[in-house]
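In what follows, chains carry the letters A, B, and so on, assigned in the order in which the sequence lines appear, proteins first and then strands, with residues in each chain numbered from 1. Only this structure's heavy atoms are used, side chains among them; waters, hydrogens and symmetry mates stay out.
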Number of protein chains: 2
Amino acid sequence: MKCVIAEFQQEQKKRMRAVQDSMDVLNGKWKISIISSICCYKKRRFSDILNDIEGISNRMLSKELKELEINQLVKRTVLDTQPISVQYELTEHGDTLQTIISNLTDWGIVHRKKIVGEKCPVLIG
Amino acid sequence: MKCVIAEFQQEQKKRMRAVQDSMDVLNGKWKISIISSICCYKKRRFSDILNDIEGISNRMLSKELKELEINQLVKRTVLDTQPISVQYELTEHGDTLQTIISNLTDWGIVHRKKIVGEKCPVLIG
DNA sequence: CTGAATCCAGATGGATACTG
DNA sequence: CAGTATCCATCTGGATTCAG
């Protein structure tokens, strides 16, 4: 019996580490917004993303994009324009985040209603 | 046509804000692990969670639990024991996170394989 | 246009000690 | 047991400037 419990706890530790792994990738103030923006338009340039996301600085956008690239979620392509522009798109692996993004979107809407909705529904619109 | 595009962008902004809302709640170094721990055992005491999560300090656990409580994800109950103990459980609203946690878990496993798995599969086990 | 570099304030979080 | 209080190092991220 003790063995079963130990196994259960072991499994749970694995699960927690897995979720944590996901969060490590997704953490960062803007990461999800960036993915969401790229995903929404399929291909998106640096300056476009900069405009999509209210309040982000180019420093942060650059930094977070680099991290996403390292994690193989985003592919970076330099376009031979004048001046040069850079195009970002999700990798296949990045695409697999869509379900999660979608779930987070739905949950976020419900949560906002739950927390402030009753008192201040206008904030939602 | 311009109107359609504008509407589309407006929708996208709403989606991004919704995801961001979710992340605001879920951000914090330990929040997901805490939820995962409570969720796994249904009811869990402070010191038990402290043991479940490797590396967390009581200061952090206390702080993050408080935030989760404010966001109505977790319910706190003081038990009349000697010495007192405190039990935490997910609220109904907190329960709705299970899908997301589950997805994040699955994705985390895949992601770890993707990033380090090929070179160092032993890290996964 | 797409970043990189620098500076700097404020937030985050660990260690430790203390309380009811 | 379940926190709180304090100190302090590190990290985060904004503003600005510079470069290819």
Side-chain angles (χ1 to χ4, degrees), chain A residues 16-17 19-21 23-38 41-71 73-90, chain B residues 16-17 19-21 23-38 41-71 73-90:
Chain A
M16 292 207 298
R17 194 195 48 195
V19 197
Q20 208 50 60
D21 283 344
M23 292 307 284
D24 286 347
V25 174
L26 266 25
N27 261 329
K29 198 171 176 183
W30 311 98
K31 223 148 281 177
I32 301 257
S33 300
I34 294 170
I35 295 174
S36 183
S37 166
I38 298 175
Y41 295 99
K42 303 307 174 193
K43 300 177 183 207
R44 202 74 175 146
R45 290 183 317 153
F46 188 87
S47 51
D48 291 329
I49 304 174
L50 206 54
N51 282 321
D52 289 339
I53 303 172
E54 209 166 293
I56 195 173
S57 65
N58 59 350
R59 177 187 183 281
M60 274 300 114
L61 179 54
S62 172
K63 201 182 113 192
E64 307 244 71
L65 276 171
K66 198 181 291 174
E67 290 173 20
L68 291 173
E69 209 190 335
I70 289 172
N71 278 310
L73 300 178
V74 157
K75 186 186 163 201
R76 178 178 181 274
T77 314
V78 179
L79 301 179
D80 193 14
T81 55
Q82 192 50 247
I84 67 158
S85 57
V86 180
Q87 188 175 82
Y88 293 90
E89 56 196 309
L90 293 190
Chain B
M16 292 208 299
R17 195 194 48 194
V19 197
Q20 208 49 61
D21 283 343
M23 292 306 285
D24 286 349
V25 173
L26 266 26
N27 261 331
K29 196 171 176 182
W30 311 99
K31 223 149 280 177
I32 300 255
S33 300
I34 294 170
I35 295 174
S36 183
S37 166
I38 298 175
Y41 294 98
K42 304 307 173 195
K43 299 174 186 213
R44 203 75 175 144
R45 289 183 316 154
F46 188 88
S47 51
D48 291 329
I49 305 175
L50 206 54
N51 283 322
D52 289 340
I53 304 172
E54 207 167 294
I56 195 172
S57 64
N58 58 352
R59 177 186 182 279
M60 275 299 113
L61 179 55
S62 172
K63 201 183 115 193
E64 307 243 71
L65 276 170
K66 200 179 291 174
E67 290 173 19
L68 291 173
E69 208 190 337
I70 289 173
N71 278 309
L73 300 178
V74 158
K75 186 185 163 201
R76 178 178 181 274
T77 314
V78 179
L79 301 180
D80 195 13
T81 55
Q82 193 49 248
I84 67 159
S85 55
V86 180
Q87 187 175 82
Y88 292 90
E89 55 196 309
L90 294 189

Measure the spacing between CZ of B:R17 and OG of A:S36 and express it to the nearest 0.5 Å. 13.0 Å

Walk me through whether A:L65 and A:F46 qualify under side-chain contact (heavy atoms from CB on, under 4.5 Å). CA-CA 9 Å; A:L65 276 171; A:F46 188 87; 3.9 Å; yes

Of all residues at least two apart in sequence or in a different chain, which pass the side chain to side chain contact (heavy atoms under 4.5 Å, CB included) check with B:N51? none

Walk me through whether A:K31 and A:E67 qualify under side-chain contact (heavy atoms from CB on, under 4.5 Å). CA-CA 9 Å; A:K31 223 148 281 177; A:E67 290 173 20; 2.3 Å; yes

Reading DNA chain D 5' to 3', which nucleotide is the first, and which the last, to come under 4.0 Å of any heavy atom in chain B? D:dC1 to D:dT6

Spatial distance of atom CG (B:L61) from atom CG (B:L50) [nearest 0.5 Å]: 5.5 Å

Atom pair NZ/CE of A:K29 and B:M23 - distance to nearest 0.5 Å: 13.5 Å

At a 4.0 Å cut-off to heavy atoms of chain A, the contacted part of DNA chain C spans C:dC1 to C:dT6

Consider side chain to side chain donor-acceptor pair (under 3.5 Å). Of A:S47, A:S33, A:S37, which one does A:D52 pass it with? A:S37

The side-chain contact (heavy atoms from CB on, under 4.5 Å) partner of B:V25 among B:I35, B:L73, B:I70 is B:L73

Take the C1' atoms of the five end pairs on each side of the helix from C:dC1-D:dG20 to C:dG20-D:dC1, get both axes, and report the angle to 10 degrees. 50°

Tell me, with the steps shown, if A:L26 and B:V19 meet side-chain contact (heavy atoms from CB on, under 4.5 Å). CA-CA 11 Å; A:L26 266 25; B:V19 197; over 6 Å; no

Listed in order of residue number, which residues of residues 52-67 of chain B have a non-hydrogen atom at under 4.0 Å from DNA chain D? B:N58, B:R59, B:S62, B:K66

Taking the side chain as every heavy atom from C-beta outward, state whether B:I49 and B:Y41 have any atom pair closer than 4.5 Å. no

For B:L79, side chain to side chain contact (heavy atoms under 4.5 Å, CB included) partners two or more places apart: B:T77, B:T81, B:S85, B:Q87

Distance col, row A:R44:CZ vs A:I34:CD1, nearest 0.5 angstrom, shows 13.0 Å

